[in-house]
Amino acid sequence: LAGTVPRRRPPGSEMGRGLTLLLLPLALLAAPGQAEGGTAAAAEEVKIEVLHLPEACSPKSKKGDLLNAHYDGFLASDGSKFYCSRTQNEGHPKWFVLGVGQVIKGLDIAMMNMCPGEKRKVTIPPSLAYGQQGYAQGKIPPNATLIFEIELYAVNKGPRSVEAFNQIDKDNDRKLSELEISQYLKEEFARDGKKRHPSVHDEILADIFKKNDHDGDGFISAKEYNVYQHDEL
């Protein structure tokens, strides 16, 4: 494996990272056109080998959770490595929401019911990866079976949880105003501690409403916010 495991982020940064996921969909190994079909049937096609299971296994990952993990990807045909998360983003583990299509379907399936500290080796068939098209940019040929070695660091409530919505909804009117989200952004930026140009706040705020205010009424309703449908809002 390339590089070493980076220092894990302090708990205070988790919501800040979750905020980023609220705003912008990740391109984290997401397939342009993923295979269709039920999760139950697809799960039988993903081979999972547990390499390490910690004694304390809680909480287990489920759809909608915010995960923090490192993983390496290999072609099953010749064992060549096509992806290594440790060589990107200054070696920080990847954050993504499980089960919502931010990664290929095979990884969404392979990382269900996984606990912090667990390591897995998973084999994903083409139908749950990049299919007949492959992914030239990622050096993945057509009809490629993929192998991933995964190390999971953290399982947190996703940014679309009831708790996150209620935290932003200060006046408890079941909808998020521009002022409420603006204030939430400022608080999370302060908590994060990173230096940002003032224009970043306005750009992100505009992007949130562009992607979430589907009826254009200037508010993000509980229904609009909860696009992942893993909580009852």
Side-chain angles (χ1 to χ4, degrees), residues 6-30 59 61-70 85-86 88-103 107-108 111 116 152-233:
R7 180 175 62 84
R8 297 175 186 176
R9 297 175 181 270
S13 68
E14 292 171 359
M15 183 59 73
R17 182 63 62 174
L19 173 66
T20 302
L21 291 171
L22 165 66
L23 321 178
L24 303 173
L26 299 183
L28 223 180
L29 283 182
S61 60
K62 63 183 183 304
K63 181 179 179 181
D65 282 342
L66 178 63
L67 305 188
N68 184 228
H70 262 315
S85 62
R86 291 177 174 84
Q88 299 190 11
N89 191 30
E90 299 180 345
H92 294 302
K94 298 295 184 180
W95 289 91
F96 62 95
V97 179
L98 182 65
V100 300
Q102 290 183 343
V103 291
L107 278 176
D108 269 339
M111 296 184 70
L152 182 62
Y153 296 128
V155 177
N156 304 303
K157 286 185 177 294
R160 301 288 179 143
S161 66
V162 171
E163 289 84 356
F165 183 91
N166 291 338
Q167 183 179 358
I168 303 171
D169 184 23
K170 299 293 187 182
D171 59 9
N172 298 315
D173 63 353
R174 310 300 292 161
K175 58 185 179 181
L176 308 180
S177 67
E178 184 173 325
L179 180 61
E180 286 174 325
I181 295 180
S182 175
Q183 183 60 35
Y184 183 72
L185 277 173
K186 292 176 182 178
E187 292 172 356
E188 290 307 316
F189 284 175
R191 192 198 312 271
D192 184 283
K194 294 182 179 179
K195 293 183 178 180
R196 297 178 175 85
H197 191 275
S199 64
V200 172
H201 171 277
D202 295 337
E203 291 172 359
I204 290 178
L205 186 62
D207 193 66
I208 290 174
F209 277 86
K210 180 180 179 181
K211 288 185 169 65
N212 295 277
D213 183 17
H214 304 304
D215 60 11
D217 67 350
F219 294 90
I220 297 175
S221 67
K223 183 177 180 181
E224 288 172 327
Y225 177 87
N226 194 37
V227 296
Y228 301 153
Q229 301 300 317
H230 66 273
D231 279 320
E232 293 298 329
L233 278 173

Are any non-hydrogen side-chain atoms of N68 and K94 less than 4.5 angstrom apart?
no

When rounded to the nearest 0.5 angstrom, what distance separates NZ in K223 from CG in D215?
10.0 Å

Contacts of E203 meeting side-chain hydrogen bond (donor to acceptor under 3.5 Å, both in side chains) (sequence neighbours excluded), chain-then-number -> none

Nearest 0.5 Å please: distance from the CZ atom of F219 over to the CD atom of E180.
8.0 Å

Which residues pass the side chain to side chain contact (heavy atoms under 4.5 Å, CB included) test with F209, not counting sequence neighbours?
E178, I181, L205, D213, I220

Side-chain (D108) to main-chain (G101) donor-acceptor, under 3.5 angstrom
yes

Closer than 3.5 angstrom, by distance alone: can the side chain of Q102 be matched with the main-chain N or O of F96 as a donor-acceptor pair?
no

For F165, does its backbone N or O pair with a side-chain atom of D169 as donor and acceptor, under 3.5 Å?
no

For the residue pair P116 and P59, what are the closest heavy atoms and their distance?
CD-O, 3.3 Å

Sub-3.5 Å donor-acceptor pair from the side chain of D202 to the main-chain atoms of A206, do we have one?
no

Report the residues that fulfil side-chain hydrogen bond (donor to acceptor under 3.5 Å, both in side chains) with K170, sequence neighbours left out, ordered by chain and then residue number.
none

Excluding sequence neighbours, so at least two apart, what forms side chain to side chain contact (heavy atoms under 4.5 Å, CB included) with K186?
S182, Q183, H201

Backbone N/O of R86 and side chain of H92: donor-acceptor pair under 3.5 Å:
no

S61 meets the side-chain hydrogen bond (donor to acceptor under 3.5 Å, both in side chains) criterion, sequence neighbours left out, with none

Inspect the contact between D65 and K62 and indicate whether a charged nitrogen and a carboxylate oxygen are less than 4.0 angstrom apart.
yes

Shortest non-hydrogen contact from K63 toward G99:
CE-O, 3.4 Å

